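Being a predicted model, the structure only gives us computed values, none of them experimental. Numbering starts at 1 and runs along the sequence shown.
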Amino acid sequence: MKRFRSIVLAAIAFTAAVPLFALAQASAPAPSSAQPAPIRALLETRDVDGAPGKQLVLGTVKMPPGAVAPWHTHPGDEAGYVLSGTLILKQKGHPDRTLHAGDHFFNPSGLVHELLAGPGDEGGSEVSTWVVDKGKPMATPAPQP
């Protein structure tokens, strides 16, 4: 019974969070036909105990060769870990960082940033955890700084 309850709660959380990712992807600029798009997967969404109005979201992003997640912000903090390949993280006011499997990064709430697949034909992937304002889009497009 306990396992069934956990599965039902996870299914409800997933169903509630899918619109957040749909909004984020719908509001992002459409990539050109020559530029592959990032592949996003939402894994988990939960309310944050003791922080009313906050939600924890766990997801992955696969960046095929040439993919770009264009300049954007999040309505909360993001902590990420590179799973494979090479990624380039651009953050407003900071030097570009080349990240490899095993590296981690942090984007504070509202920081304008962009993620690119590294050079070559491998691309890369990462997993991130966001603690964001509940009910807001996961990402908002931002102009290039």
Side-chain angles (χ1 to χ4, degrees), residues 1-31 35-119 122-145:
M1 182 66 168
K2 203 174 202 183
R3 179 176 162 82
F4 177 75
R5 181 174 172 233
S6 294
I7 292 170
V8 169
L9 288 175
I12 291 169
F14 179 81
T15 302
V18 167
L20 289 174
F21 260 73
L23 283 172
Q25 288 182 336
S27 62
Q35 185 181 60
I39 301 163
R40 297 173 177 92
L42 180 65
L43 304 175
E44 183 90 26
T45 300
R46 301 261 179 192
D47 289 345
V48 177
D49 289 341
K54 294 289 183 180
Q55 197 168 43
L56 181 135
V57 179
L58 176 67
T60 60
V61 179
K62 182 175 180 174
M63 301 290 288
V68 176
W71 294 99
H72 63 281
T73 63
H74 301 289
D77 295 337
E78 173 187 17
Y81 179 82
V82 180
L83 297 169
S84 66
T86 302
L87 301 172
I88 299 169
L89 177 64
K90 296 182 175 201
Q91 298 173 313
K92 182 180 178 180
H94 300 276
D96 295 355
R97 290 179 56 200
T98 300
L99 304 168
H100 304 281
D103 289 340
H104 58 89
F105 61 92
F106 181 77
N107 291 314
S109 180
L111 178 70
V112 176
H113 62 282
E114 178 179 56
L115 187 67
L116 299 89
E122 184 181 7
S125 64
E126 60 98 358
V127 61
S128 281
T129 300
W130 297 267
V131 178
V132 294
D133 296 332
K134 192 173 182 175
K136 290 192 177 176
M138 277 295 297
T140 301
Q144 180 177 350

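- Between the side chain of Q91 and the main chain of F106, a donor-acceptor pair closer than 3.5 Å is present.
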Determine all donor-acceptor pairs shorter than 3.5 Å in which one atom belongs to a side chain in residues 95-103; sequence neighbours excluded.
| from | atom 1 | to | atom 2 | distance (Å) |
| --- | --- | --- | --- | --- |
| R97 | NH2 | H104 | O | 3.0 |
| H100 | ND1 | T86 | OG1 | 3.3 |
| D103 | OD2 | H100 | N | 2.7 |

- Show the numbers, then the answer: is there a side-chain contact (heavy atoms from CB on, under 4.5 Å) between H74 and K136? CA-CA 9 Å; H74 301 289; K136 290 192 177 176; over 6 Å; no
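- Annotation: salt bridge (charged side-chain N to carboxylate O under 4.0 Å, His left out) contacts involving residues 48-59, sequence neighbours excluded, comprise K54-D133.
- Residues meeting the salt bridge (Lys or Arg N to Asp or Glu O under 4.0 Å) test with D47, sequence neighbours left out: K134.
- Applying the side-chain contact (heavy atoms from CB on, under 4.5 Å) test to P65 and every residue at least two apart in sequence or in another chain returns nothing.
- Here H72 contributes atom NE2 and N107 contributes atom CG; the two are 7.0 Å apart, rounded to the nearest 0.5 Å.
- Shortest non-hydrogen contact noted between P64 and A37 is CD-O, 3.6 Å.
- W130 approaches G59 most closely through the heavy-atom pair CZ3-N, 3.7 Å.
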- Task: Tell me, with the steps shown, if F105 and E126 meet side-chain contact (heavy atoms from CB on, under 4.5 Å).
- Result: CA-CA 10 Å; F105 61 92; E126 60 98 358; 3.6 Å; yes
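- We find the CE-CD distance between M63 and E122 to be 13.0 Å, quoted to the nearest 0.5 Å.
- Residue S84 comes nearest to S125 through the heavy atom pair OG-OG, 2.7 Å, listed as atom of the first residue, atom of the second, then distance.
- For the atom pair CD (E78) and CE (M138), the distance works out to 7.5 Å, reported to the nearest 0.5 Å.
- To the nearest 0.5 Å, atoms CH2 (W71) and OG1 (T140) are separated by 15.5 Å.
- With sequence neighbours excluded, the residues that form a side-chain contact (heavy atoms from CB on, under 4.5 Å) with L56 are V48, T129, V131.
- Atom CG of D77 and atom OG of S128 lie 11.5 Å apart (nearest 0.5 Å).
- Residues forming a side-chain contact (heavy atoms from CB on, under 4.5 Å) with A142 (at least two apart in sequence, or on another chain): T73, V112.
- Closest approach of P75 to S109, counting heavy atoms only: C-OG, 3.8 Å.
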